[in-house]
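To start, the structure itself, in structure tokens.
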Amino acid sequence: MTKEENEKRLEYLKGIVRRLPDKPGSYQFYDHEHTIIYVGKAKNLKSRVSSYFHTEVDRYKTKVLVSKIYDISYTVVNTEEDALLLENNLIKKYNPRYNVLLKDGKTYPSICITNEYFPRIFKTRTINKKWGSYYGPYAHVSAMYEILDLIKELYHPRTCRQPITKEGVKTGKYRVCLDYHIKKCKGPCTGKQSYEDYQKNILQAREILKGNTRQVLRDMKEEMMKLAEELRFEEAEEIKRKYMALDGFVSKSEVVSHTINNVDVFSITSDEKIAFINYIHVSNGSINQSFTIEYKKKLNETDEELLQLGIIELRERFKSDAKEIIVPVELPEILQDVKYTIPKMGDKKKLLDLSIMNGKQYKFDRLKQAEKLNPEQKQVRLMKELQLKLNLPTLPYHIECFDNSNISGTDAVAACIVFKKMKPAKSEYKRYNIKTVVGPDDYASMKEVVGRRYSRLIEENQPLPDLIVADGGKGQMEVIREVIQDELQLDIPIAGLAKNDKHRTNELLYGFPPLSVQLKTDSELFHVLTQLQDEVHRFAIKFHREKRSKRALHSELDDIKGIGPKTRDGLLNGLKTVKNIREASVVQLAAIVGPSKAAIVYQHFHDRPEE
């Protein structure tokens with residue numbers, strides 16, 4: 001598109017915007033093929049749509065959307081609520097490219113009560129409202145089975161699939177099955193259980209599935225007392241058995257408060273790309289519905305915008321008529337006769353916290369599932385998290401960590417380990433013998449090793465790390481800074497891992513002067529950093545032990561020029577000790593290692609005074 005064509009396109013669109021009414025409604029953007037690419041809603045159409053074409057718009061994604069718009073249409077409605085409903089319907093109908101994408105994740109099971117003469121109750125993942133009434137869906141399958149088992153225990157609904165009719169029962173067409181004999185069915189097909197009694201049980205089962213368990217309990221108690229007054233004790237005992245079973249089930253469920261009834265709870269957990277909206281429904285003090293949906297962002301939509309969209313979607317899906325909605329942030333009260341509540345304490349705040357926790361858990365589960373399919377995704381996520389925490393200019397793909405090891409200054413060594421993509425790159429580990437430091441001076445040793453390491457990388461034109469981590473606190477960081485910034489004039493970020501009084505790593509330090517970075521000690525990123533620290537400590541200790549062991553095994557024979565390990569081992573095997581070798585004659589030595597080697601060894605011991 002030429003500059004002139006683009007200016008002509010923008011002038012045409014601005015002409016439409018100038019003609020928009022100052023009324024609520026829904027607007028639609030079209031591309032060059034006249035396909036809807038975005039649907040929005042507004043309290044004031046003219047004000048909202050004109051905001052896309054302001055010169056001060058700085059969001060990249062909004063600019064991309066505007067560059068794709070070739071036409072605009074709109075629909076005027078009476079209220080903002082109608083605009084939101086219309087937007088929701090149009091998004092689901094056209095699935096515009098730049099709108100959020102709604103995903104269910106998977107099909108959750110529901111419980112169906114059929115429309116048959118003697119209804120059946122069973123779980124299903126297929127929804128066909130011609131068959132019966134559906135309750136759910138249940139995100140937690142175990143909870144669904146628990147409710148099904150309770151209903152079967154209380155009411156014994158039939159499980160057979162044969163079509164039973166009123167005429168068939170009257171004519172004796174059916175025969176009882178095994179379930180009747182094992183007392184799992186009361187035989188309504190043969191008239192052993194009346195139609196009225198069966199329907200009464202189904203009615204109570206419906207109320208349980210709706211979450212009205214306390215009302216069912218009250219009805220049961222009234223019926224039980226009435227039967228007892230009429231001296232019908234056996235029937236009263238049967239009702240009592242059902243009452244106790246149902247009461248036990250209710251006491252195990254999530255009871256919020258007896259004063260909270262028919263309330264919806266919504267919360268949102270989001271990041272740059274995806275938002276998760278959790279929905280909880282409370283009836284008669286018990287949570288009977290919890291569900292989470294996922295929205296894929298396209299234009300940096302705010303949490304408030306997505307939450308409004310999610311409330312409309314989920315209330316419509318679950319046919320909720322709750323007059324109170326608990327939310328975490330202030331929203332415009334555009335739903336008629338519905339009150340929005342932002343609780344600060346009490347049972348409603350607990351409900352909101354529970355919803356937030358469920359949303360975060362769902363996000364965590366989805367993240368784990370994605371990382372299982374793509375292991376590199378986790379490493380990239382951790383690198384981005386570390387970059388964000390430390391405000392690094394680049395992704396910390398290449399990290400190096402240093403540590404010293406010595407005993408009272410003897411056998412002093414240092415180690416450098418390399419992590420790439422948050423994993424050890426063991427082929428690039430380096431070990432250093434301390435050359436210029438005498439005595440146990442960790443700071444001087446660190447300064448020597450860091451200087452040697454990066455001077456050589458610069459000399460060999462090798463890639464430098466994106467981050468250096470010191471296995472220590474402020475002192476170690478300052479020593480590294482002196483070498484990197486003052487001496488070598490390099491701009492490499494430096495962090496430190498500090499320990500507490502119990503010698504346990506408890507904080508990440510960054511900056512000069514070093515400041516503690518807020519990082520939970522049970523987070524994945526902290527575990528990776530402690531793994532980095534443990535690894536460099538292990539590598540340094542291993543090198544120190546090897547050097548110490550080698551020195552302990554060193555003998556005077558190793559100092560004889562011209563005598564190698566094979567000759568040394570032969571002499572020790574033959575004469576057992578260095579003392580015996582020193583006192584041996586040339587003939588004795590020659591018998592073991594030959595005349596030439598024997599002469600060298602004999603001359604070494606006898607051409608110098610003995611200690």
Side-chain angles (χ1 to χ4, degrees), residues 386 390 392 396-420 422-499 503 505 507-514 528-551:
L386 184 58
L390 302 183
L392 301 176
Y397 172 85
H398 179 174
I399 302 174
E400 294 190 356
C401 186
F402 293 86
D403 189 23
N404 301 321
S405 182
N406 66 79
I407 296 178
S408 300
T410 62
D411 302 315
V413 298
C416 170
I417 68 160
V418 179
F419 266 38
K420 289 189 174 179
M422 307 306 267
K423 286 190 172 183
K426 295 190 176 184
S427 62
E428 300 184 33
Y429 286 11
K430 296 295 180 183
R431 306 193 298 187
Y432 297 91
N433 288 305
I434 302 301
K435 298 178 179 179
T436 62
V437 180
V438 178
D441 191 337
D442 281 346
Y443 289 164
S445 298
M446 181 67 71
K447 191 171 184 178
E448 176 192 327
V449 171
V450 172
R452 288 166 58 187
R453 168 69 172 168
Y454 296 113
S455 296
R456 181 165 184 173
L457 290 182
I458 294 171
E459 182 183 337
E460 296 178 354
N461 199 25
Q462 295 292 322
L464 297 171
D466 302 305
L467 176 67
I468 298 173
V469 178
D471 177 32
K474 299 177 182 179
Q476 296 279 19
M477 290 176 65
E478 178 59 27
V479 168
I480 295 175
R481 187 200 65 76
E482 290 175 2
V483 177
I484 296 297
Q485 296 180 6
D486 297 346
E487 297 180 12
L488 300 178
Q489 302 295 310
L490 297 175
D491 186 19
I492 304 175
I494 302 166
L497 292 169
K499 295 181 174 65
H503 204 67
T505 303
E507 62 178 343
L508 174 66
L509 301 175
Y510 186 70
F512 293 96
V528 172
L529 293 174
T530 53
Q531 180 191 1
L532 177 80
Q533 188 180 40
D534 293 341
E535 180 69 1
V536 72
H537 187 65
R538 178 199 66 80
F539 191 60
I541 289 293
K542 180 182 177 183
F543 181 37
H544 180 257
R545 286 173 178 168
E546 288 177 356
K547 185 176 181 181
R548 196 170 72 239
S549 298
K550 186 175 181 181
R551 180 175 59 81

Report yes if the side chains of [X] and [Y] come closer than 4.5 Å at any heavy-atom pair, otherwise no.
X    : Y    : answer
L392 : D466 : no
Y443 : E482 : no
V450 : I468 : no
C416 : Y432 : yes
L488 : L464 : no
F512 : M477 : yes
F419 : L467 : no
V449 : I434 : yes

Working to the nearest 0.5 Å, report the span between [atom1] of [X] and [atom2] of [Y].
X    : Y    : atom1 : atom2 : value
R431 : K542 : CZ    : NZ    : 7.0 Å
I480 : F402 : CD1   : CZ    : 6.5 Å
N404 : M446 : CG    : CE    : 4.5 Å
D403 : H537 : CG    : NE2   : 6.5 Å
E478 : Q485 : CD    : CD    : 8.5 Å
R481 : K447 : CZ    : NZ    : 10.0 Å

Working for side chain to side chain contact (heavy atoms under 4.5 Å, CB included), residues L532 and I417: CA-CA 8 Å; L532 177 80; I417 68 160; 3.9 Å; yes
Carboxylate-amine/guanidinium proximity below 4.0 Å for R452 and E448: yes
R538/E535 ion pair, N-O < 4.0 Å: yes
NZ (K420) with more than 12 external heavy atoms under 6.0 Å: yes
More than 12 heavy atoms of other groups within 6.0 Å of H398 NE2: yes
Residue pair P514 / K474: nearest heavy atoms and the distance that separates them: CG-CG, 3.8 Å
Shortest non-hydrogen separation from L508 to A495 and the atoms involved: CD1-CB, 4.1 Å
D486 backbone acceptor or donor facing Q489 side chain under 3.5 Å: yes
